[in-house]
Structures are given as C-alpha cells and as structure tokens.
Amino acid sequence: MRDVCSYGYFLLAPNVWDPDRKTMTRPLNLENGVATLTIAQPDIKKGSPIKAVADRALTRSEQQDAKRQLIRMLRLDDTSPADFHRTDPRWKKSGKARLSRSPTVFEDIIKTVTSCNVTWPSTVNMNKRLCEVVCPAFPTPKQMARKRPATLRARCSVGYRDQRMVDLAKMAVRGELDLDHLEDPTVSDDDIYETLLALPGIGPYAGANIMSLLGRYSRLAIDTETIRHGKVVLGYKGSDLAIRKKLEKHYAPFGEHKFRSYWFEVWDFYESKQGPAHTWAPRAVVNAFTASNLK
DNA sequence: GGTAGACCTGGACGC
DNA sequence: GCGTCCAGGTCTACC
C-alpha cells in the first residue's frame, strides 16, 4: 500500500486515505451507479495480494470494471520498474517505481487543471467541491459537460478554470479529446505532448504532469515546486531560468525515466519533513505542500 | 521567440 | 472584521 501514497493525488477527493488502518476508500462510477471500495493489503509482505471490498453487491461486469479501474489507479500493470531501477539504482532497494493515479485519464486531466496556478489547499478544496456538487465518485465527462461554467465557479471555487473544464468535458464527450488515444502505448511521447498542449487549460507544466500520469516519464513537469527542489535540495543558485536549465541537465541522464527520478527525490524530501507518506493524515498535511512553506 | 499583464481563490498580515 | 498583498500556471496581446 506504500505505492498508493506515492503521488499527491492520493490526498484529493474522492480518495480517502486512512493512515491508521492503512486503507484507501474510493467511490467508483460503475454500470449500476456509484460503489465505494475499501482497498487494503492485509499482509504487508512484499508482493502480497491487495483486497478490495465494495459497499454493495457488484455484478460480474461491475467487478471486472472495478478491478480494471483499481489496476489503473495502483499501476499494477506497470512492467517498467525493473528498467527504471537499472537506469536509476537509487530506488532499487526500496522498490519505489510506481506513481499512483486516478481510475480514469479524464480525472487525472481535471485534477491537474485544479493544481495549476493555486496553492495546494485550493486544489484540495476544488476536488472536494467537484465531488460534492457534481458526482461523489468524481465527475465523468458527461456529467461535467452538462454543468454550466458559472455553477462550477460559484459552487466549486474553480475560478477562471470553469469554462476550460466544461470545454474539456465537452471535447471528451464529442470525441475531439480521444482519451483512448492518450493511453495508446504505440503513440509517441511527442504526439501525446502535442495533443495535450492543444487542450484548454493545459500548458507545458500540466502537459508534462499528465504525461507522467500516463506512464510517460520522459519530460519534467517544471513548476515552482521544481524550482524550490533545485534550490533547496540540489543547491542550485541563480535565476529561475538558470535553475530550469540546471534541472534539465541534472535529470537528462535518466532519459525515459527522468520524471520518476525527479519525483522520488521530491517525495523523499516531503517524507523527511512529514514522515512516511502512509502516515500522513490528509487534514494535517493540507497546508504543508506549497513551495513557500518548504523553503 | 520572448515578455507583460490578466485571470481567480484563499491564506497571511496589518490595522 | 475589513482591506491589501501574495502565490500559483495558462493564455493572449504585443513587440
């Protein structure tokens, strides 16, 4: 379950992490409505099975769909950790390689939009309100496409992102935003990045961040947090532009895995401040992860 | 291609 | 309690 707590989105609604029980509770959109699953790993030994219990009976097809969504969330189908550890052996002993993510690409895209140009507490609030106002298992493209931008702004505190979110949802519903294309492993990184940058609300940072959640780690998602990491942890000095260049050079040797090498350095820093991520109580850390609080 | 300013929210701070 | 300032990426207009 350590890998559940490997990326900040595990702290965002509708995910609920219980640090005492070491369980993740997560509502999912399924064929016959929302079902809430509690995910746990009863035996903490490496490689032991993960168990999920639903709060209602699931049909066979719902069970299969829930399993598919959980596999995506926990990256249980990721076959690249060994290659990552060969490229960056620093993480081999701990086994760190997987970044948790959302059950759907659409949710990862919207969550990334809610993380842009705001401090972390606002991101937490936007996701909480989207689940309260639109759908408890996180809005689907259809549900969000039906909302008026003004409703999202007034009731979910998404600000100027309102129109962009509704536009993204409408594009997904109409097929102009092809979510399957984004998950197609035969498509090149450059193609995916170009596709993402053409979307409303997605710039260089958001595009690279979404790519990492798609399992494509060849680009750094550089934001103020990355600059802070360069200054505080790597000891770089100079202008932000100079630090960006040093960061790109620093992570270049990790090639296809550079985002993961960067991310686990950042995550180590967070854990040095707050303790292991699986011990974090969501309410207690809500104000902790903002660059200005980590200087 | 590079840059300035607008876009919003919520927290911090001063009064 | 109110007003002001600031942090945070994307987008557009302009040079």
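Quick note on labels: first sequence line is chain A, next is B, and so on, each numbered from 1. Side chains are part of it too, since the values below use all heavy atoms of this structure and drop only hydrogens, waters and symmetry mates.
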K.L.:
Could you run down the sub-3.5 Å N/O contacts of the protein with nucleotides 9-12 of chain B?
P.N.:
from	atom 1	to	atom 2	distance (Å)
dG10(B)	OP1	Asn125(A)	ND2	3.1
dG10(B)	OP1	Ser157(A)	OG	3.1

K.L.:
Atom CG of Asp240(A) and atom P of dA7(C): how far apart are they, to the nearest Å?
P.N.:
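Asp240(A) atom CG is separated from dA7(C) atom P by 12 Å.
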
K.L.:
Between dC11(C) atom P and Asp162(A) atom CG, what is the distance in whole Å?
P.N.:
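Nearest whole value for this atom pair: 14 Å.
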
K.L.:
State plainly whether the residues Arg72(A) and Asp108(A) are in salt-bridge range, i.e. N to O under 4.0 Å.
P.N.:
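Yes, charged N to carboxylate O under 4.0 Å.
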
K.L.:
Given atom CG of Asp167(A) and atom P of dC11(C), what is their separation to the nearest angstrom?
P.N.:
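Roughly 11 Å, once rounded to whole Å.
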
K.L.:
Assign Leu199(A) to base, sugar-phosphate, or nothing according to its heavy-atom contacts below 4.0 angstrom with the strands shown.
P.N.:
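Result for Leu199(A) = sugar-phosphate.
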
K.L.:
Regarding Arg219(A) and Asp190(A), does a basic nitrogen lie under 4.0 Å from an acidic carboxylate oxygen?
P.N.:
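A salt bridge links Arg219(A) with Asp190(A).
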
K.L.:
Less than 6.0 angstrom from the centroid, inside 45 degrees of the normal: does Arg90(A) satisfy that with respect to the ring of Phe264(A)?
P.N.:
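No, cation not above the ring by the 6.0 Å, 45° rule.
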
K.L.:
Verify the cluster assignment for Val113(A) and Leu182(A): are they in a single hydrophobic cluster under the rule of side-chain heavy atoms below 4.5 Å apart?
P.N.:
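Yes, because Val113(A) and Leu182(A) connect within a single hydrophobic cluster, where side-chain heavy atoms sit under 4.5 Å apart.
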
K.L.:
Quick check: do Leu11(A) and Val124(A) have side-chain heavy atoms less than 4.5 Å from each other?
P.N.:
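Counting from C-beta outward, Leu11(A) and Val124(A) never come under 4.5 Å.
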
K.L.:
Determine whether more than 12 heavy atoms belonging to other residues, nucleotides or ligands lie under 6.0 Å from atom CD of Glu194(A).
P.N.:
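Count not over threshold, so no.
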
K.L.:
Between dG9(C) atom P and Leu197(A) atom CG, what is the distance in whole Å?
P.N.:
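After rounding, the reported distance stands at 16 Å.
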
K.L.:
Enumerate the residues from residues 201-213 of chain A whose closest heavy atom to DNA chain C is under 4.0 Å, giving them by residue number; use none for an empty result.
P.N.:
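Result for residues 201-213 of chain A: Gly201(A), Ile202(A), Gly203(A), Pro204(A), Tyr205(A), Ala206(A), sorted by number.
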
K.L.:
Which whole-number value in Å describes the distance from Gln163(A) CD to dT10(C) P?
P.N.:
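One finds 18 Å between P of dT10(C) and CD of Gln163(A), rounded.
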
K.L.:
Arg219(A) CZ to dG9(C) C1': how many Å, rounded?
P.N.:
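Distance check: Arg219(A) CZ to dG9(C) C1' gives 18 Å.
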
K.L.:
Is a donor from one side chain sitting under 3.5 angstrom from an acceptor on the other, for Thr226(A) and Asp223(A)?
P.N.:
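Yes, side-chain donor-acceptor contact under 3.5 Å.
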
K.L.:
For the residue pair Leu70(A) and Ala52(A), what are the closest heavy atoms and their distance?
P.N.:
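Heavy-atom minimum between the residues: CD1-CB, 3.7 Å.
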
K.L.:
Rounded to the Å, how far apart are Arg228(A) CZ and dG9(C) C1'?
P.N.:
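Taking atom C1' of dG9(C) as the reference, CZ of Arg228(A) is at 17 Å.
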
K.L.:
Donor-acceptor check, side chain of Thr23(A) to backbone of Ala40(A), threshold 3.5 angstrom: yes or no?
P.N.:
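Checking the backbone N and O of Ala40(A) against the side chain of Thr23(A), no donor-acceptor pair under 3.5 Å is found.
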
